[in-house]
**Student:** 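Pasting a structure here, questions to come.
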Amino acid sequence: MKDKLGTIPRIIPNMSDYDAFCSQFSWEKEYESLDGLPEGGINIAHEAVDRHANSDIRDTVAIRWIRKDQSFEDITYADLKLRTSRFANVLEKLKIKKGDSVFSLTGRIPLLYVAALGTLKTGAIFCPMFSVFGPEPAFQRLSKGKAKVLVTTTKLYEKTIKQLLDRLPFLQTILLVDAERHRNDKVWSLSVLMNEVTDEYTIKNTQPEDPALLHFTSGTTGMPKGALHVHKAVLTHFVTGKYVLDFHPGDVFWCTADPGWVTGTSYGIIAPLVNGVTNIIDEEEFDAARWYSILEEHRVNIWYTSPTAIRRLMRMDLKPLESYNLSTLRLIHSVGEPLQVEEVVWGKKTFGMPICDNWWQTETGGIMISNYASMEVRPGSMGKPLPGIEAAIGTIEGEKIQLLTKPLEQGHLLLKSGWPSMFRAYLDEEERYKKCFKGEWYLTGDLAKKDADGYYWFVGRADDIIKTSGHMVGPFEVESALMEHPAVAEAAIIGKPNAMIGELVKAFVVLEPRFEADEMTKLDIKGFSRKKLGPAIAPKEIEFIDSLPKTKSGKILRRLLKARELGLPEGDTSTLE
Ligand code: ATP
Ligand code: MG
């Protein structure tokens, strides 16, 4: 294979020809690769754990958990089966039934993963929360999801949960992962309970449409929504693991996301396990040197991370190929925010391979548009739809959808509804859910365009689009151009209401440390962006800012910048970092 920017070397990908593969792809055929339950149902935990524990990869490491001090613990598929069965038996003992919800609020420790998969075995719904949520965001989620059981640590219980108990009438049991004995009839020691039950459990005969996972969106555009997913979603996890992340037997995979965000569950738990590879879990937060040493020491083959993390690594400029042996690494993927041209190119320069962008949402449950190991990477593009997914660009007028077919026409990104991991509800928001669908199309809320070769290009969120002097301006285009200026480390743009031109494009800029926040720099950036973008689209106002407000999952909160600029209420800030 050619080793140029664009083609990933060293192994024959599971999907070696995108077009040929798409033309013969069928979900039904892929479904046959899954095991299914003896009584005919399907269960995520069975596909991810038990079927491997009963096969010749039973002794393969399923989870390698790296502690904060960088020592590690291995859990094989056989062992994971026993531990998750024990957890399922604990839930049985607590009389948790199919459809009840089990939440977690812990750091990335093995019991979180055991709880997630053990819950799925019982047919109950699992909802992982990010451990840094304070009382209010935790309350919102626990009450909306009617949590019956919460798995947490003593410290987080004391700090975050205890004060909420009066307001959570549904919450029956709190399981403390680190307590040596039970506290009272509500707060129990998980390890004591785990020791009282057996490690034999018959997985409930869950059906494809039975609810399995509840994930809250990132809250970038407003109040986080609770998206409900079903057991059949495992088919998307299997297919994307195999053909996007290109899992091969023996692979070691590391997804850096926390299970509190959908990426950290779909890809930090399910996809690698369903495909029988080894899943790395790091207990610690971002640290450039640590991350490179993990890639080296654990011989990571496929690495899935985010543009925010990539930008932080770029700023450190540690030249990893000179200091670390990263020869096992063959594929890097990124999701969550637009991946800029500069970042893809940096990947090539730094790791010897371009970083593959992919696009999806909490609502889609899995990767929908992606760059692939066998396909030319076009820096700045999200890639092409997953085989089995029909995407389109269209305009929405009332109840009517008009598909746009000319190359590079900008419009709403649409997906033909009905893929396996499509969300089945927004919790308690039936009307809102219905509004996401028009006819056979799901409206993603994002704007994009498609080029003549079928590559998709992200334009922005429909809510963030700026209408200025008759132009529709997507933040991505302007922010990318600004970031090419040497002084700009990060940028976010908003539209400010303006009587003359509708909205005025304003940029918030974080400077590289060696540049002065003065008028000269401002003028220089303005001139640079005018030359690149033209005067109609280039920012008319620039403000320097120390850091951009972001969600805990690393997304720029443009709505907050706008509210602050206009002196309006800040709205929901539960996911603000
Ligand atoms: P909320 O729906 O609560 O406002 P959110 O949309 O940020 O929050 P997520 O479901 O976590 O919540 O994020 C999905 C969104 O992230 C997408 O709709 C898109 O706007 C953005 N996104 C994800 N991947 C990419 C990508 N590769 N390029 C550009 N944008 C992306
Ligand atoms: Mg969204």
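The model shown is predicted, which means the values in this text are computed figures rather than measured ones. Counting convention: from 1, in listed order, for ligands and their atoms alike. Residue numbers start at 1 and run along the sequence shown.
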**Student:** Is it the side chain (CB and beyond), the backbone, both or neither of W360 that lies under 4.0 Å from ligand 1, heavy atoms counted?
**Tutor:**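 The part of W360 near ligand 1 is the backbone, not the side chain.
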**Student:** Ring centroid separation for F216 and F130, is it under 6.0 angstrom?
**Tutor:**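 Judged by ring-centre distance (under 6.0 Å), F216 and F130 do not meet the cut-off.
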**Student:** Please list, in number order, the atoms of ligand 1 under 4.0 Å from a heavy atom of G336.
**Tutor:**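 Those qualifying, in numeric order: 16 (O), 21 (C), 22 (N), 23 (C), 24 (N), 25 (C), 31 (C).
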**Student:** Give yes or no for whether the N/O distance cutoff of 3.5 Å, strictly under, is met between T444 and ligand 1.
**Tutor:**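 No, no N or O pair falls under 3.5 Å.
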**Student:** Can you spot which of K555, K562, R558, R559 makes a salt bridge (charged side-chain N to carboxylate O under 4.0 Å, His left out) with D464?
**Tutor:**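 So the option named by the test is R558.
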**Student:** If the cut-off is 4.0 Å to any non-hydrogen atom of K225, which atoms of ligand 1 fall inside it?
**Tutor:**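 Numbered from 1, ligand 1 contributes 1 (P), 2 (O), 3 (O).
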**Student:** What part of W359, side chain from CB on, backbone N/CA/C/O, both or neither, has a heavy atom under 4.0 Å from ligand 1?
**Tutor:**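 Within the 4.0 Å criterion, W359 contacts ligand 1 through backbone and side-chain atoms alike.
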**Student:** With rounding to the nearest 0.5 angstrom, report the CE to CG distance, M15 to L386.
**Tutor:**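 Here the interatomic distance stands at 7.5 Å.
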**Student:** Among all protein heavy atoms in this structure, tell me which lies nearest to atom 6 (O) of ligand 1, with the distance rounded to 0.1 Å.
**Tutor:**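 Of the protein heavy atoms, R461 NH1, 3.0 Å lies nearest.
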**Student:** Just jot down the ligand 1 atoms closer than 4.0 angstrom to any heavy atom of T362, in number order.
**Tutor:**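 Once the distances to T362 are compared, the set is 9 (P), 10 (O), 11 (O).
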**Student:** Using heavy atoms and a threshold below 4.0 Å, how should the contact between K555 and ligand 1 be classified: side chain, backbone, both, or neither?
**Tutor:**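 Only the side chain of K555 comes within reach of ligand 1.
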**Student:** Does S334 reach ligand 1 with a nitrogen or oxygen that is under 3.5 Å from one of the ligand's nitrogen or oxygen atoms?
**Tutor:**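 No; every N/O pair is 3.5 Å or more apart.
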**Student:** Identify, by atom number and element, the atoms of ligand 1 in contact range of V335, meaning under 4.0 Å from any of its heavy atoms.
**Tutor:**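 In order of number, 24 (N).
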**Student:** Okay, side chain of T236, backbone of S421: is any donor-acceptor separation there less than 3.5 Å?
**Tutor:**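 Yes; judged by distance alone, with no hydrogens or angles, the pair exists.
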**Student:** Salt-bridged, R378 to D451, with N to O below 4.0 Å?
**Tutor:**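 Yes, this pair counts.
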**Student:** Could you pull out the closest heavy-atom pair between F476 and S480, with the gap in Å?
**Tutor:**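 F476 and S480 have their closest heavy atoms at O-OG, 2.6 Å.
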**Student:** Are any non-hydrogen side-chain atoms of I161 and L156 less than 4.5 angstrom apart?
**Tutor:**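 No, too far: nothing below the 4.5 Å cut-off.
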**Student:** Establish, for the pair K450 and W457, whether the NZ or CZ atom is under 6.0 angstrom from the six-membered ring centre and no further than 45 degrees off its axis.
**Tutor:**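 No - K450 does not lie over the ring of W457 by the 6.0 Å and 45° rule.
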**Student:** With heavy atoms under 4.0 Å as the rule, classify the contact between D357 and ligand 1 as side chain, backbone, both or neither.
**Tutor:**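 It is the side chain that touches ligand 1; the backbone stays farther off.
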**Student:** Look only at the side chain of W419 and the backbone of T364, and say whether a donor-acceptor pair between them is shorter than 3.5 Å.
**Tutor:**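 Yes; judged by distance alone, with no hydrogens or angles, the pair exists.
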**Student:** Considering only heavy atoms of N358, which atoms of ligand 1 have at least one such atom less than 4.0 Å away?
**Tutor:**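 Once the distances to N358 are compared, the set is 24 (N), 26 (C), 27 (N).
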**Student:** What atoms of ligand 1 come within less than 4.0 Å of a heavy atom belonging to D446?
**Tutor:**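 The atoms of ligand 1 under 4.0 Å from a heavy atom of D446 are 17 (C), 18 (O), 19 (C), 20 (O).
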**Student:** Any N or O on G219 sitting closer than 3.5 Å to an N or O of ligand 1?
**Tutor:**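 Yes - when backbone and side-chain N and O of G219 are compared with those of ligand 1, one distance drops under 3.5 Å.
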